[in-house]
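Okay, structure first, notes after.
Because only heavy atoms are used, hydrogens play no part in the values below, and waters and symmetry mates are left out as well, while side chains stay in. Lettering follows sequence order; numbering is per chain, from 1.
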Amino acid sequence: MIDIQFIRDNKDLVKEKSEQKGYQVDVDRIINLDDQIRSKIPAMEEVLKQRNQLASQFSNSTPSQEQIEQGRSLKDQASSMETELSELKKQLNVILLGVPNMPLSMVPLGLSEDDNQVIKKIEPNQLNFEAKNHWELAEEDSLIDKTRATKVAGSRFVYLKGGLVRLQFAIINWVMDKLTDEEFIKQLIAENNLSISSKPFVPVLPPGIVNTSSYHATTRLDAEEVTYKLADDDMWMNASAEHSLCNMYQNEILPEKQLPIRYLGYATSYRREAGSYGKDTEGIIRLHQFDKLEMEVFSSPETGLEEHKLMVAIEEYFVNALNLPYQLLEKCTADIGKPNAKGMDIEVWFPGQKKYRETHSADYMTDYQARSLKTRYRKSDNTTELVHTNDATVFAFSRILAAIMENYQNEEGEILVPDVLKNYLGGMEKI
RNA sequence: GGAGAGGUGGCCGAGUGGUUGAAGGCGCUGCUCUCGAAAAGCAGUAUAUCGGAAACGGUAUCGAGGGUUCGAAUCCCUCCCUCUCCGCCA
């Protein structure tokens, strides 16, 4: 959620920046409602004060009939004022939740994802044979069995098998090794001229199902078209580890020295993919279920942007280490998503499909999520401030497995093991 | 799923209708004492919001929401959560 005070102070800016993201915001309505609320509060508090004063007289005596009547009427006044107020607050809240986070000034303007800016592009090597799609490479049912998964669960589910599964676990272990190594983090920070803590990431296996309020707290992926809701319980299945990581510290005030908090979450994500009928029906690019290694960071406002840059650097490190051709995109205002102030995507080259496809995304939410979650930290001067949150993919599984399959295929249709992973696969050469 | 107990400040814990925003202890901060430390003593130590330059003051908050009452941490209702026993289970 955005700061109401910020809206009051920057009416035109809020309107303009929201429009840049494709949101129409009725700023005047917001200010009007807020004015009404502000003007009604002192009057109500005055009535409450009188009520408290009256009541406190009778610690050792009994009130007269007249005083009882007076107290009763004060109570009625207060409660009708309160009803009115809470109605206004409810209205304001609904509108306020619709206001997106403000994009940082460095975010390029745009109307759709087509306006995302390519920051860096690594061209793929020319192959001297016709590259296959990953589902063609999966030959028969040895690596991917979709037919039987469809029989058992439905479309967009798969049985992943054999070498692909070993590959996934190898990657998990490799990532765990790197991101929990302080020296590695320190080195990346130095290479990217950042000046933030070298604290390593803490691996987390978060809950896979969250309650409704936590589910809405991400303000991303919190729509019924995206997420599965359990029929008999007030619970939602994670569409991303973010659903259960970003809200860990809701209603908490963290000691400053605890920041930054860096988590490496591993979770299975479930998505309904309603509205994407017919898209990517082949292969394992778009499934209802996939595993994901994800970073979630809570930091001070001062370091939030550098944390974002670190996470992008981490993403690039891993993609580079796998030798995957990719392009790095600065997402434009229309594509960064409601809670984001800035966002970057990585698209990896899929030679079988002859295009770059989104595999990673890094999102910087500033204090937008923290405000509704009331996640704060206590500063050295004893005041509290909202934390900044960052969220980024390390690897989204089925998709990165598909990318490796297509990029590591040879003319014989075999899939070779990337060098960095050989140690994690007991020297295995082919998948 | 069945039966029972309980949710109070950073932590422990008192408090069953009236100066209780909350005793007491621990922790933490400052001061005194000390060469220094410990111990001891003294003082301070929740959050949000409004007013105020500040001092300070108002309001709200004792799991959440609603109700009873002149007055609620204390009584009633609903929900959430935790714990114990039984059942089930990796």
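Between B:rG58, B:rA48, B:rG71, one nucleotide has an atom nearer to the side chain of A:Thr384 than all others, and that is B:rA48. In the set B:rA60, B:rU69, B:rG58, the nucleotide with an atom closest to the side chain of A:Lys49 is B:rG58.
Nucleotide B:rU45 has B:rG27 as its partner under the Watson-Crick or G-U criteria, with both atom distances under 3.5 Å. The pairing partner recorded for B:rA22 is none, the criterion being a Watson-Crick or G-U wobble arrangement whose two distances lie under 3.5 angstrom. In this entry B:rG1 has B:rC86 as its Watson-Crick or G-U wobble partner, both defining distances falling under 3.5 Å. Of the nucleotides present, B:rG51 is the one that pairs with B:rC56 by Watson-Crick or G-U wobble criteria, both distances under 3.5 Å. Using Watson-Crick or G-U wobble geometry with both donor-acceptor distances under 3.5 Å, B:rA40 finds its partner in B:rU32. Checking B:rU68 for Watson-Crick or G-U wobble geometry (two distances, each under 3.5 Å) identifies no partner in any strand. Checking B:rC79 for Watson-Crick or G-U wobble geometry (two distances, each under 3.5 Å) identifies B:rG63 as its partner.
Ionic pairing of A:Arg156 and A:Glu273 is not present here: no N-O contact between side-chain nitrogen and carboxylate oxygen is shorter than 4.0 angstrom. Taking the charged nitrogens against the carboxylate oxygens, A:Lys422 and A:Glu429 do have a contact shorter than 4.0 Å, which makes a salt bridge. Using a cutoff of 4.0 Å between basic side-chain nitrogens and carboxylate oxygens, A:Asp363 and A:Lys338 are not scored as salt-bridged. Under the 4.0 Å criterion applied to side-chain N and carboxylate O atoms, A:Arg38 and A:Asp34 are assigned as salt-bridge partners. With respect to A:Glu330 and A:Lys342, a salt bridge is recorded, a charged nitrogen being found less than 4.0 Å from a carboxylate O.
Comparing B:rA3 with B:rG87, their P atoms sit 15 Å apart, to the nearest whole Å. Nucleotides B:rC88 and B:rG9 place their C1' atoms 40 Å apart, quoted to the nearest Å. Here the separation of B:rG24 from B:rA72, taken at their C1' atoms, is 23 Å to the nearest Å. Taking the P atom of each, B:rC33 and B:rA38 are spaced 15 Å apart, rounded to whole Å. Going from the C1' atom of B:rG71 to that of B:rG18 covers 7 Å, rounded to whole Å. Comparing the C1' positions of B:rU20 and B:rA73 gives an interatomic distance of 8 Å, to the nearest angstrom. B:rA60 and B:rU19 have their P atoms separated by 15 Å, given to the nearest Å. Nucleotides B:rC62 and B:rG52 are separated by 28 Å at their P atoms, to the nearest Å.
If you check the side chains of A:Glu191 and A:Gln187, you find a donor sitting under 3.5 Å from an acceptor.
Rounded to whole Å, the distance from CG on A:Asn251 to P on B:rG63 is 14 Å. Between A:Leu74 atom CG and B:rU69 atom P there is a gap of 15 Å when expressed in whole angstrom units. Protein atom CG of A:Asn52 is 13 Å distant from nucleotide atom C1' of B:rU20, rounded to whole Å. Summarising the geometry, the separation between NZ on A:Lys374 and C1' on B:rU47 is reported as 11 Å, rounded to the nearest angstrom. Rounded to whole Å, the distance from CZ on A:Arg371 to P on B:rU47 is 19 Å. Across the protein-nucleic acid pair, A:Leu48 atom CG and B:rG71 atom P stand 11 Å apart, rounded to whole Å. Rounded to an integer number of Å, the gap from CG of A:Leu85 to P of B:rA60 is 13 Å. Atom P of nucleotide B:rC70 and atom CD of A:Gln65 are separated by 9 Å, given to the nearest angstrom.
Using a 4.0 Å heavy-atom criterion, one finds that A:Thr62 contacts no nucleic acid atom at all. Using a 4.0 Å heavy-atom distance criterion, A:Asn211 is classed as making no nucleic acid contact. At the heavy-atom level, A:Ile41 lies nowhere under 4.0 Å from the strands shown. Among the atoms of the strands shown, base atoms are found under 4.0 Å from some heavy atom of A:Arg51.
When the nearest nucleotides of RNA chain B are assigned to A:Met44 and A:Arg72 by heavy-atom distance, the more 5′-ward of the two goes with A:Met44.
The side chain of A:Lys75 places no N or O atom within less than 4.0 Å of a non-bridging phosphate oxygen (OP1 or OP2) of B:rC70. For B:rA48, one of the phosphate oxygens OP1 or OP2 lies less than 4.0 angstrom from a side-chain nitrogen or oxygen of A:Arg376.
No donor-acceptor pair closer than 3.5 Å links the side chain of A:His388 to the backbone N or O of A:Ser300.
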